Amino acid sequence: MFKTKAIKVSDTLYALEQSMGSGLVRCFLILGSEKALLLDCGVIPDDLLGLVRTITDLPLMVALTHADGDHIVNAEQFPELYAHEDDAHMVVHRFASLEGHVLPLKDGECIDLGGTVLDITHIPGHTHGSLAYRNLKEGYLIAGDSVDYAPVYMFGNHRNFEHYVASLKRLQVMGGYHRIYTCHGELCIPANAVAQQLLVCDGIRDGSITPKDPDAPHVKDSGAKLYERGPCAIYYAKANT
């Protein structure tokens with residue numbers, strides 16, 4: 001019995017959801033005609049490879065949107081995985097057995113699964129090595145934790161607010177997608193969530209948003225405050241400017 005719920009989004013995309021307290025963490029399985037891509041490795045120990053094999057027997061590639069701990073728990077199930085070089089050390093720090101088995105993905109690269117092509121954009125900020133995966137043919141973007149209606153974490157290690165703002169601006173100019181699949185909040189949000197997230201950043205910078213004390217227990221003692229505007233929010237601490 002799997003702890004992970006597989007949701008078919010389309011013929012080429014599955015959302016793999018794991019409950020985490022009152023929230024969830026979402027991985028994605030993307031299918032082509034020649035191979036499949038598992039994007040992220042979850043927060044709850046589970047037989048992710050076994051679950052994937054109930055969906056497809058295609059050769060499997062594994063890659064990360066970023067290497068925060070809630071996205072890599074099952075990484076050791078796979079002989080190798082791909083991540084941006086600036087996040088690779090986070091994987092190896094957690095799993096020493098994967099040293100030498102975290103392969104680099106770089107800005108501007110493409111992953112061709114056979115009829116399903118994903119182009120890669122480096123979007124540092126939430127972590128130094130955060131990546132966005134864009135499917136131009138189907139018009140969607142998967143940007144890890146960088147764009148979401150759930151609060152984006154901009155406190156603690158590996159965060160950089162100014163880099164985050166620059167990355168959002170790059171995604172906005174890049175375009176080529178009309179929906180975004182997220183790793184924590186609503187499964188699918190519109191492309192204008194990028195612009196809405198930038199409005200939260202503006203409110204942090206110019207002081208036009210009154211910060212609130214966070215309700216989440218694991219955020220309360222971090223020094224971060226909650227900044228909200230419209231459907232978007234950021235947990236932000238000044239130390240990460």
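Only a predicted model underlies this, so the values are computations on that prediction, with no experimental measurement involved.
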Do L81 and I30 land in one hydrophobic cluster if side-chain heavy atoms of ILVMFWY residues count as linked below 4.5 Å? no

Looking at every non-hydrogen atom in both residues, tell me the closest pair between S33 and G115 and how far apart they are. OG-N, 4.3 Å

What residues form a salt bridge (charged side-chain N to carboxylate O under 4.0 Å, His left out) with D119, not counting sequence neighbours? R134

Do side-chain atoms of D70 reach the backbone of V43 as a donor and acceptor pair under 3.5 angstrom? no

Could you tell me which residues satisfy salt bridge (charged side-chain N to carboxylate O under 4.0 Å, His left out) with D215, sequence neighbours excluded, listed by chain and number? none

Looking at G114, is its backbone amide N or carbonyl O close enough to the side chain of D112 to form a donor-acceptor pair, meaning the two atoms are under 3.5 Å apart? yes

Pairs involving residues 198-211, ordered by first then second residue, that meet side-chain hydrogen bond (donor to acceptor under 3.5 Å, both in side chains) (sequence neighbours left out): E162-R205, D206-S208, S208-R229

Is it true that a side-chain atom of Q77 and a backbone atom of L49 form a donor plus acceptor pair closer than 3.5 Å? yes

To the nearest 0.5 Å, what is the distance between CD1 (I55) and NZ (K8)? 10.0 Å

Return the set of residues passing salt bridge (charged side-chain N to carboxylate O under 4.0 Å, His left out) with K35 (not counting sequence neighbours), or none when no residue passes. none

Would you compute the distance between atom OH of Y14 and atom NZ of K5 and round it to the nearest 0.5 angstrom? 14.0 Å

From C188 SG over to H178 NE2, what is the distance, rounded to the nearest 0.5 angstrom? 8.0 Å

Derivation of the salt bridge (charged side-chain N to carboxylate O under 4.0 Å, His left out) call for D107 and R170: CA-CA 12 Å; D107 184 74; R170 186 180 183 195; 2.8 Å; yes

Approximate separation, where rounding is to 0.5 Å, of K225 NZ and I209 CD1: 15.0 Å

Hydrophobic cluster membership, with links at side-chain heavy-atom distances under 4.5 Å among I/L/V/M/F/W/Y: are V194 and I123 in one? yes

Check the hydrophobic clustering (I, L, V, M, F, W, Y; side-chain heavy atoms under 4.5 Å; chains of links allowed) and say if I72 and V92 are grouped together. yes

Geometric class of the H128/H158 ring pair [parallel <30°, tilted 30-60°, perpendicular >60°]: perpendicular

Would you check, one step at a time, whether the test side chain to side chain contact (heavy atoms under 4.5 Å, CB included) holds for E76 with H101? CA-CA 10 Å; E76 281 190 304; H101 300 278; over 6 Å; no

Closest heavy-atom pair and its distance - A233, L226: CB-CD1, 3.9 Å

Partner set under salt bridge (charged side-chain N to carboxylate O under 4.0 Å, His left out) for E228, not counting sequence neighbours: K212

Minimum-distance pair of heavy atoms, taken over all atoms of L48 and G42: CD1-N, 4.4 Å

Say whether Y149 and V200 are linked into one hydrophobic cluster, either directly or through other cluster members, by side-chain heavy-atom distances under 4.5 angstrom. yes

Test side chain to side chain contact (heavy atoms under 4.5 Å, CB included) on H84 and I120 and set out the steps. CA-CA 10 Å; H84 190 274; I120 311 301; over 6 Å; no

Would you say that more than 12 heavy atoms from the other residues, nucleotides or ligands in this model lie under 6.0 Å from the NE2 of H93, or not? no

Could you tell me whether a side-chain N or O of R26 sits under 3.5 Å from a main-chain N or O of T182, the two making a donor and an acceptor? yes

Assess the residue pair Y164 and C201 against the criterion (side chain to side chain contact (heavy atoms under 4.5 Å, CB included)); give the C-alpha distance rounded to whole Å, side-chain angles, the decisive distance to 0.1 Å, and a yes or no. CA-CA 9 Å; Y164 178 62; C201 295; 3.8 Å; yes

Does Y153 form a side chain to side chain contact (heavy atoms under 4.5 Å, CB included) with S222? I'd like the steps, not just the answer. CA-CA 11 Å; Y153 284 29; S222 68; over 6 Å; no

Can you name the side chain to side chain contact (heavy atoms under 4.5 Å, CB included) partners of H66, sequence neighbours left out? D68, H71, D87, H126, T127, S130, D145

Here the pair of heavy atoms bringing V52 nearest to L38 is CG2-CD1, 4.4 Å

When L105, N135, V117 are each screened for side chain to side chain contact (heavy atoms under 4.5 Å, CB included) with I111, the one that passes is L105

Side chain proximity check, P45 to N74, heavy atoms < 4.5 angstrom: yes

To the nearest 0.5 Å, how far apart are CD1 in I189 and CZ in R179? 12.5 Å

With Y140 as reference, evaluate F28, Y177, Y181 under the ring pair (Phe, Tyr, Trp, His ring centres under 6.0 Å) test and give the passing residue. Y181

Nearest atoms (heavy-atom pairs only) where T56 meets A36: CG2-CB, 4.2 Å

Same apolar cluster (I L V M F W Y, side chains within < 4.5 Å links), L37/L58: no

Check for a donor-acceptor pair, side chain of Q196 on one end and backbone N or O of C232 on the other, with a separation under 3.5 Å. no

Evaluate the side-chain proximity of T65 to L131: yes if any heavy-atom separation is below 4.5 Å, no if none is. no

What do you reckon, is CD of E109 surrounded by more than 12 foreign heavy atoms closer than 6.0 Å? yes

Looking at CG of D46 and OG1 of T4, how far apart are the two atoms once the value is rounded to the nearest 0.5 Å? 3.5 Å

With a 6.0 Å cut-off (strictly less than), is the heavy-atom count around NE2 of H184, excluding the residue itself, greater than 12? yes

Where the side chain of Y133 meets the backbone of L64, is there a donor-acceptor pair that is under 3.5 Å apart? yes

Are any of the side-chain heavy atoms of K137 and T116 separated by less than 4.5 Å? no

Hey, is the main chain of L168 close enough, under 3.5 Å, to the side chain of Q197 for a donor-acceptor pair? no

When every non-hydrogen atom of C183 is compared with those of D148, the smallest separation belongs to N-OD2, 3.9 Å

Side chain proximity check, Q18 to V73, heavy atoms < 4.5 angstrom: no

